[in-house]
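Each remark here refers to the structure printed beneath this line.
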There are 2 protein chains.
Amino acid sequence: MVRPRFRKLPAAQQQTIVRAAVEEFAAHGFHDGSLNRVIDAAGVSKGSMYYYFDGKEDLYAYVTRLEFERLFDEVGPLGLSTLGDRDAFWEAVERYYGDLMAAFTASPQLAALTRGWLAAAANPALRTAQQELEVLTLPWIERTLAAGQDVGAVRADLPSGLMIGVVVGMGQAMDTYLIAEDPGDDRRRELIHAFVGMMRGALQP
Amino acid sequence: MVRPRFRKLPAAQQQTIVRAAVEEFAAHGFHDGSLNRVIDAAGVSKGSMYYYFDGKEDLYAYVTRLEFERLFDEVGPLGLSTLGDRDAFWEAVERYYGDLMAAFTASPQLAALTRGWLAAAANPALRTAQQELEVLTLPWIERTLAAGQDVGAVRADLPSGLMIGVVVGMGQAMDTYLIAEDPGDDRRRELIHAFVGMMRGALQP
DNA sequence: CCGCCGGTTCGACCGTCAGTCTAACACCGA
DNA sequence: TCGGTGTTAGACTGACGGTCGAACCGGCGG
């Protein structure tokens with residue numbers, strides 16, 4: 001866990017460190033990202049870095065969480081309360097997914113960080129960082145699925161753990177495809193529509 | 001690429017090295033697996049190892065491919081020619097998936113290696129190993145999807161690259177779930193049935 | 001028998017990594 | 001001025017993947 005000392009640092013210095021770390025991890029992922037390079041880039045000594053953070057994984061979890069929170073703040077919540085029927089639910093999901101993808105294309109660095117996170121999340125070396133971030137994302141997915149079940153848009157006969165896994169796996173595939181192909185706006189909308197259609201096919205009762 | 005010299009070694013010594021590498025990578029994955037430990041366990045010098053293989057990634061790709069080929073040989077092909085209608089196609093897929101999962105539970109080491117491979121496949125550091133193995137698996141998935149399209153069981157309005165990605169992503173989620181939960185035989189059959197149902201919902205026209 | 005040569009084996013060595021540890025520093029109240 | 005506390009610096013450790021030149025070995029020509 002990030003030490004409270006770090007939060008007491010002048011905002012500018014916090015920003016310098018966080019920015020250097022985000023840049024490094026977005027460019028090289030967790031494994032190939034170098035803590036030593038972050039230290040050099042941020043102009044801080046190794047001793048200080050270890051005085052602020054428990055280690056590389058801690059720093060990674062911290063900055064990734066920071067960026068994800070920024071993303072979720074920016075995109076805003078999925079308006080779950082106003083949903084009446086199944087179609088409305090899936091339309092809301094599609095809109096939301098489109099917003100997320102737009103945020104990713106607007107910030108390639110965030111997209112790279114997310115891709116790296118998805119790629120590395122299964123690695124046991126990141127177990128604690130993973131748990132820290134899952135606390136942020138999984139309940140969100142779970143709530144969304146539950147809302148879909150409330151309006152009869154999502155099947156309720158399977159363990160939610162399995163459905164969450166499938167949703168994450170499909171989303172990861174879609175993200176990778178969209179980032180790799182980088183289609184125009186129209187084509188992207190089209191692909192997202194088809195993709196949410198696939199998700200609907202997989203999840204509806 | 002593995003050097004031809006390695007194949008000229010006495011079979012026993014090849015096996016010693018391959019076995020040590022499989023053990024190491026199955027236990028720790030690619031990143032956290034140590035080439036030095038493989039070298040120690042196999043009782044071969046570092047110079048010789050680098051005389052046989054280009055490096056760690058090369059060794060990993062080689063032994064993983066070996067294990068996958070063994071798996072595919074064991075499970076055998078999906079009988080595509082005899083398929084008449086959609087239901088028969090999806091039943092064949094379900095049978096095949098069940099066989100794969102049975103092979104995994106029979107050989108936890110192979111399951112661990114596969115899991116590690118799926119987890120690490122997205123990492124750019126493994127690009128060449130990834131391509132080497134995709135040559136083995138992707139055409140197989142592609143052919144299966146094409147056979148499904150022939151009998152009208154799989155939609156034909158999406159790029160196959162996207163569908164392959166989605167299938168792999170869903171499969172990965174299912175594998176992870178099954179390995180983590182380790183249900184009994186009946187429950188596993190049940191879950192696989194539901195899972196293939198989800199896949200069908202996602203892929204059918 | 002020697003000398004040589006290509007294929008093979010060996011392990012010391014290199015740069016880099018994440019992480020540890022101790023000495024020094026800055027500030028503050030007594 | 002002195003001790004104490006919070007902070008910074010960077011030398012150091014062991015392990016990593018990878019490189020390299022020396023040594024070794026079997027066979028062949030002289």
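Numbers restart at 1 for each chain; the letters A, B, ... are given by sequence-line order, proteins then strands. Predicted model only: the values in this text are computed from it and were never measured.
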Next on the checklist: Expressed as a whole number of angstroms, how long is the span from A:Y51:OH to D:dG6:P?
Outcome noted: 7 Å
Checklist entry - Can a side chain N or O of A:Y50 be found less than 4.0 Å away from OP1 or OP2 on D:dG10? => result no
Next on the checklist: For a quick check of understanding: with a heavy-atom distance under 4.0 Å over all strands, which category does B:F6 fall into, base, sugar-phosphate or nothing?
Outcome noted: nothing
Checklist entry - Taking only side-chain nitrogens and oxygens of B:R5, does any of them come within less than 4.0 Å of OP1 or OP2 of C:dT9? => result no
Next on the checklist: For B:Q149, run the side chain to side chain contact (heavy atoms under 4.5 Å, CB included) check against B:T144, B:L203, B:V154 and tell me which one passes.
Outcome noted: B:V154
Checklist entry - For the rings on B:W140 and B:Y96, is their centre-to-centre separation under 6.0 Å? => result yes
Checklist entry - Separation of A:N36 atom CG from D:dA9 atom P, in whole Å? => result 15 Å
Checklist entry - Taking atom P of C:dG11 as reference, at what distance in whole Å does atom CG of B:D40 sit? => result 11 Å
Item to check | Atom-to-atom span, CE of B:M49 to P of D:dG18 - whole angstrom | outcome: 11 Å
Checklist entry - Is the phosphate of D:dA15, meaning OP1 or OP2, less than 4.0 Å from a side-chain N or O of B:R37? => result no
Checklist entry - Given atom CG of A:L59 and atom P of C:dG19, what is their separation to the nearest angstrom? => result 10 Å
Checklist outcome for this item: Note: for B:K8 and B:G47 on DNA chain C, the residue whose nearest nucleotide lies more 5' is B:K8
Checklist outcome for this item: Taking D:dG17, C:dT9, D:dA9 as options, the one with an atom nearest any side-chain atom of B:S48 is C:dT9
Checklist outcome for this item: Considering only heavy side-chain atoms of B:S45, the closest of C:dT8, D:dG10, C:dG11 is C:dG11
Checklist entry - Can we call the ring centroids of A:Y51 and A:F6 under 6.0 Å apart? => result no
Item to check | Sugar-phosphate only, base, or nothing, as touched by B:G55 at under 4.0 Å among non-hydrogen atoms | outcome: sugar-phosphate
Next on the checklist: So, OP1 or OP2 of C:dA18: does either fall under 4.0 Å of a side-chain N or O from A:S34?
Outcome noted: yes
Checklist outcome for this item: When rounded to whole Å, the CG to P distance for the pair B:D54 and D:dG18 reads 10 Å
Checklist entry - Looking at side-chain heavy atoms only, is the closest gap between B:E67 and B:W117 below 4.5 Å? => result no
Next on the checklist: Expressed as a whole number of angstroms, how long is the span from B:R3:CZ to C:dG7:P?
Outcome noted: 13 Å
Checklist entry - Do the side-chain N or O atoms of A:K46 get closer than 4.0 angstrom to the phosphate oxygens (OP1, OP2) of D:dG10? => result no
Next on the checklist: Ring-plane angle category for B:F25 and B:Y60, please: parallel below 30°, perpendicular beyond 60°, tilted otherwise.
Outcome noted: perpendicular
Item to check | Euclidean distance, atom CD1 of residue B:I39 to atom P of D:dG17 [Å, nearest integer] | outcome: 8 Å
